[in-house]
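Written below as structure tokens is the structure these notes are about.
Values below: every heavy atom of this structure, side chains too, minus hydrogens, waters and symmetry copies.
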Amino acid sequence: MSAVLATPPLPIAAAPALPIVNALTVDVEDYFQVSAFAPHIARSEWDARECRVERNVERILALLADASATATFFTLGWIAERYPDLVRRIADAGHELASHGHAHARASAQSRNEFLADIRLAKAILEDITGRDVRGYRAPSFSVGAANPWAFDAIAEAGYRYSSSIYPIRHDHYGSPDAPRFAHEVQPGLLELPIATMRLLHRNWPAGGGGYFRLLPYALSRWSISRINARDRQPVMFYFHPWELDPSQPRVAGTGVKTRFRHYVNLHRMAPRLTRLLRDFRWSRADRIFLGEAGE
Ligand SMILES: [Zn+2]
């Protein structure tokens, strides 16, 4: 036996794990379309309101460009009809355009046929503007779940490849605390990509955005996302809205204390927090992460 062969092999260093790429998503709607304000602002009044979505989305596009990150924009058909140039700018900047439905009606407040017509219309409007397939859909207020299993059939029938319509937490307006926490196939050809939660003390805690991201200290969000990446080895699905970066948006009159608090708390902290979030983790569009496709 030669000396060379007798030499014990060097231990092969374990390849360092690449940081997980998380999914950053934006629900493109204006402040007056928020579900919690629906009792105070009729849909027929939307056209009379000052629209601020365009400048707020431009701000998000600039933050993403500074961080060299891409994202998925779940855009309302109602917004896309009025701001087609904005939709084109989102797509031209390399982001994924997905659908948030047309009229921001909860799936749970519609019949199957009404729901199907709404999500088909939004998909057609977005595809007409960009000439690209729209594969993703997010229901307003996470209103898809065990109570309306027909909704997933309709989402597939409308031609979507994935839904991101479940937040597996307990909340008074939405949430399916017993739903699976991570990406799963709900039926052949259709994935559900739930908003991120952290499992602690036998329950799920919100870790993927919403008012929690503005209300709680940023360090808690960072810790939760790191923990999901490290322990669960799963990408995080994170979401926010353009109006969350707009502290000077018009105040909606007549709302209750809880609704006001949830909507307006720490709006001025959102942009610096997003900048930190973009710096602290790797982010990309949902289709690249979960469908494994370039999407162009
Ligand atoms: Zn929404």
Side-chain angles (χ1 to χ4, degrees), residues 23-38 41 43 46 49 51-54 56-57 60-61 71-84 86-91 95-110 114-130 132-145 148 151-152 154-156 158-167 173-175 190-195 208-211 237-246 263 285-287 290 295:
L24 189 65
T25 68
V26 186
D27 290 0
V28 181
E29 65 196 43
D30 220 327
Y31 65 96
F32 52 81
Q33 296 169 319
V34 171
S35 297
F37 290 157
I41 304 175
R43 198 152 290 145
W46 285 2
R49 295 266 164 178
C51 265
R52 299 170 70 90
V53 69
E54 196 169 23
N56 292 329
V57 169
I60 293 166
L61 292 175
T72 294
F73 288 71
F74 291 98
T75 304
L76 272 190
W78 191 96
I79 296 284
E81 274 180 326
R82 284 155 181 81
Y83 299 97
L86 181 66
V87 170
R88 274 187 283 271
R89 286 201 292 281
I90 293 170
H95 305 297
E96 178 190 10
L97 266 174
S99 156
H100 195 32
H102 186 263
H104 209 253
R106 291 174 202 237
S108 49
Q110 298 176 85
E114 288 168 337
F115 177 68
L116 182 59
D118 178 272
I119 64 176
R120 275 188 164 146
L121 178 58
K123 189 172 190 290
I125 291 168
L126 292 165
E127 289 179 347
D128 275 357
I129 293 171
T130 64
R132 297 177 200 185
D133 268 1
V134 165
R135 281 95 56 85
Y137 168 74
R138 172 169 294 149
S141 301
F142 307 108
S143 53
V144 167
N148 51 4
F152 282 126
I155 295 167
Y160 293 100
R161 298 270 310 280
Y162 75 86
S163 153
S164 179
S165 303
I166 289 181
Y167 205 162
H173 287 182
Y174 54 77
L190 183 70
L191 292 177
E192 168 59 33
L193 313 177
I195 305 295
M237 169 61 78
F238 188 92
Y239 84 107
F240 65 100
H241 305 87
W243 55 261
E244 291 186 84
L245 287 98
D246 186 5
H263 189 91
R285 11 191 301 180
D287 60 347
F290 296 101

Distance in Å, [X] [atom1] paired with [Y] [atom2], rounded so as to fall on 0.5 Å steps:
X      : Y      : atom1 : atom2 : result
Leu245 : Arg52  : CG    : CZ    : 12.0 Å
Leu121 : Leu126 : CG    : CG    : 9.5 Å
Arg135 : Leu97  : CZ    : CG    : 11.5 Å
Trp46  : Asp30  : CH2   : CG    : 10.0 Å
Asp118 : Arg120 : CG    : CZ    : 12.0 Å
Ser35  : His104 : OG    : NE2   : 4.5 Å

Does Lys123 make a cation-pi contact with Tyr137 (under 6.0 Å, within 45 degrees of the axis)? no

Which pair of heavy atoms, one from [X] and one from [Y], lies closest together, and at what distance?
X      : Y      : answer
Thr130 : Ala91  : CG2-CB, 4.0 Å
Leu116 : Ala154 : CD1-O, 3.4 Å
Tyr167 : Gly209 : OH-O, 3.1 Å
Ala139 : Ser143 : CB-OG, 3.8 Å
Ser99  : Tyr160 : OG-OH, 3.0 Å

Is the shortest heavy-atom distance from the side chain of [X] to the side chain of [Y] under 4.5 Å?
X      : Y      : answer
Gln33  : Arg49  : no
Glu192 : Ser165 : yes
Ile155 : Phe115 : yes
Phe240 : Val26  : yes
Tyr31  : Asp246 : no
Glu29  : Phe74  : no

Derivation and outcome, side-chain contact (heavy atoms from CB on, under 4.5 Å), residues Arg161 and Leu191: CA-CA 7 Å; Arg161 298 270 310 280; Leu191 292 177; over 6 Å; no

Short N-O contact, Arg138 and Asp27, less than 4.0 angstrom: yes

Arg285 and Asp287 ion-paired at < 4.0 Å: yes

Which of these, Thr75, Ile60, Leu76, sits in a side-chain contact (heavy atoms from CB on, under 4.5 Å) with Val28? Thr75

Can a donor-acceptor pair be found, under 3.5 Å and without considering hydrogens, that links the side chain of [X] to the backbone of [Y]?
X      : Y      : value
Gln110 : Ala105 : yes
Glu54  : Tyr83  : no
Ser164 : Leu193 : yes

Report the C-alpha separation of Arg82 and Cys51 in whole Å, then their side-chain angles, then the decisive distance to 0.1 Å, and conclude whether the side-chain contact (heavy atoms from CB on, under 4.5 Å) test is met. CA-CA 10 Å; Arg82 284 155 181 81; Cys51 265; 5.8 Å; no

Given Tyr162 and Thr72, is the side-chain contact (heavy atoms from CB on, under 4.5 Å) satisfied, shown in steps? CA-CA 12 Å; Tyr162 75 86; Thr72 294; 3.6 Å; yes

One pair to check against side-chain contact (heavy atoms from CB on, under 4.5 Å): Phe32 and Phe37. What are the steps and the verdict? CA-CA 7 Å; Phe32 52 81; Phe37 290 157; 5.8 Å; no

